[in-house]
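Order of the sequence lines sets the chain letters (A, B, ...), proteins ahead of strands, with each chain counted from 1. Please read all numbers here as calculations on a predicted model, not as lab measurements. Values below: every heavy atom of this structure, side chains too, minus hydrogens, waters and symmetry copies.
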Number of protein chains: 2
Amino acid sequence: MGAVKIQDLKQIEKVSKALGDKHRLNILLHLTKKGGCAACSEIIDIIDLAQPSISHHVKILTEAGLIEAEKEGRNLKYTLNNNILDDYINFLERLKND
Amino acid sequence: MGAVKIQDLKQIEKVSKALGDKHRLNILLHLTKKGGCAACSEIIDIIDLAQPSISHHVKILTEAGLIEAEKEGRNLKYTLNNNILDDYINFLERLKND
DNA sequence: TCGTTGTTTCGATAAGATTCAAGACAACAT
DNA sequence: ATGTTGTCTTGAATCTTATCGAAACAACGA
């Protein structure tokens, strides 16, 4: 039950913002459904946006630390980062008062 | 482990957006510190914004369901809504893949 | 080398969010 | 009634974010 530091708050804010868009939520849900990772080209199929827009959303998710990109042969593969989600959930738990 | 409905997603998006601002996070942290509730006039003291801005932020938190207002004598008192936080945390848990 | 495929960056526009001064309201005290 | 105190709403300025076409880049195959 430690105090919340300012740096943490910035990260919390960033993650919250990243989660505050339906397209980005759908990307994350798709990753979950696929067992945690998926290629970028798959995402284009499920989300009705132009490719640069998807790239933009993926970038925001990456910068928040929610997903990580790695090379899989020729293409990129995105993976959910459970650690960040855990940190975020911990913060929310501390927010509750019980 | 049920499927995520569209209505849920809208609520998740709303809560995420409400959490995606440092002033609103500070309001919530203050409520936590105060044991779950605080008067509006207190919030003005701890956040360096004009009164209408604070009213705006409080409204967004209220519309997301994160806090609830009730009359306490002459003044309003705001209370954290743990249920919404629990729902939100549950969604995030389902996002993880383990 | 030349094209093909997958992805990012740039530039411009459109849409949304934040902020505050000013005015409006509501409840209580004098 | 009149004034005071605490809060909300309106309207306008400013800032941020989302979107897409076009251009650029990077990696691979023919």
Side-chain angles (χ1 to χ4, degrees), chain A residues 6 9-31 34 37-81, chain B residues 6 9-31 34 37-81:
Chain A
I6 294 179
L9 256 203
K10 278 203 177 153
Q11 184 63 18
I12 296 294
E13 195 187 339
K14 214 169 192 176
V15 172
S16 301
K17 277 197 176 118
L19 291 171
D21 178 281
K22 70 173 175 176
H23 297 308
R24 293 196 286 268
L25 287 175
N26 276 323
I27 291 173
L28 293 176
L29 286 169
H30 180 74
L31 286 181
K34 287 285 174 171
C37 60
C40 188
S41 47
E42 268 181 61
I43 297 172
I44 297 179
D45 294 340
I46 56 157
I47 297 196
D48 193 21
L49 284 178
Q51 201 282 327
S53 308
I54 290 172
S55 187
H56 165 72
H57 288 304
V58 165
K59 191 179 176 189
I60 285 174
L61 288 170
T62 305
E63 282 174 357
L66 285 165
I67 64 177
E68 280 166 349
E70 59 181 312
K71 285 272 185 187
E72 169 92 351
R74 184 182 352 195
N75 303 354
L76 283 175
K77 199 186 66 174
Y78 294 104
T79 330
L80 270 173
N81 184 352
Chain B
I6 296 178
L9 256 203
K10 277 203 179 156
Q11 184 63 19
I12 296 294
E13 194 187 339
K14 214 169 192 176
V15 172
S16 301
K17 276 195 177 117
L19 292 171
D21 179 279
K22 69 173 174 176
H23 296 309
R24 293 196 286 269
L25 288 174
N26 276 323
I27 291 173
L28 294 175
L29 286 170
H30 181 73
L31 287 181
K34 286 286 176 172
C37 61
C40 187
S41 47
E42 268 181 62
I43 297 172
I44 296 178
D45 293 341
I46 56 157
I47 297 196
D48 193 22
L49 284 179
Q51 198 281 326
S53 308
I54 289 171
S55 189
H56 166 73
H57 287 305
V58 166
K59 190 181 177 189
I60 285 175
L61 289 170
T62 306
E63 282 173 358
L66 285 166
I67 63 177
E68 280 166 350
E70 61 181 311
K71 286 272 186 186
E72 169 92 351
R74 182 178 356 191
N75 304 353
L76 282 175
K77 196 185 67 173
Y78 294 104
T79 330
L80 269 174
N81 184 352

Gap between atoms [atom1] and [atom2], on [X] and [N] respectively (whole Å):
| X | N | atom1 | atom2 | result |
| --- | --- | --- | --- | --- |
| A:Glu63 | C:dT8 | CD | C1' | 13 Å |
| B:Lys77 | D:dT7 | NZ | P | 14 Å |
| B:Ile47 | C:dT18 | CD1 | C1' | 14 Å |
| B:Lys22 | D:dT16 | NZ | C1' | 14 Å |
| A:Glu13 | D:dT16 | CD | C1' | 12 Å |
| B:Ile67 | D:dT7 | CD1 | P | 12 Å |
| B:Leu61 | C:dA17 | CG | P | 14 Å |
| A:Asp48 | D:dC20 | CG | C1' | 13 Å |

Touch class at under 4.0 angstrom, heavy-atom based, for [X] against every strand present:
| X | result |
| --- | --- |
| B:Leu49 | sugar-phosphate |
| A:Ile54 | nothing |
| B:His23 | sugar-phosphate |

- prompt: On DNA chain D, nearest-nucleotide positions of A:Ser53 versus A:Lys17: which is more 5'?
  reply: A:Lys17
message: Nearest 0.5 angstrom please: B:Asp21 CG to B:Leu28 CG, how far?
response: 10.0 Å
Respond yes when some side-chain nitrogen or oxygen of [X] is under 4.0 Å from OP1 or OP2 of [N], and no when none is.
| X | N | value |
| --- | --- | --- |
| B:Ser41 | D:dG6 | no |
| A:Ser55 | C:dT8 | yes |
| B:His57 | C:dT19 | yes |

field: Validation row: B:Asn26, A:Leu9 side chains within 4.5 angstrom (heavy atoms)
entry: yes
message: If you compare all heavy atoms of A:Leu19 against all heavy atoms of A:Leu66, which two are closest, and at what distance to 0.1 Å?
response: CD2-CD1, 3.9 Å
Looking only at the side chain of [X] (C-beta and beyond, no hydrogens), which of the listed nucleotides [options] gets closest?
| X | options | value |
| --- | --- | --- |
| A:Ile60 | C:dT18, D:dA18, C:dA22 | D:dA18 |
| A:His56 | D:dA18, C:dT9, D:dT10 | D:dA18 |
| A:Cys40 | C:dA21, C:dT18, C:dT7 | C:dT7 |

query: Do B:Gln51 and D:dC8 have a side chain to base donor-acceptor pair shorter than 3.5 Å?
result: yes
- request: Let me see the working for B:Ile47 and B:Ile27 under side chain to side chain contact (heavy atoms under 4.5 Å, CB included), right down to the final yes or no.
  value: CA-CA 8 Å; B:Ile47 297 196; B:Ile27 291 173; 3.2 Å; yes
query: CG of B:Asp45: more than 12 outside heavy atoms within 6.0 angstrom?
result: yes
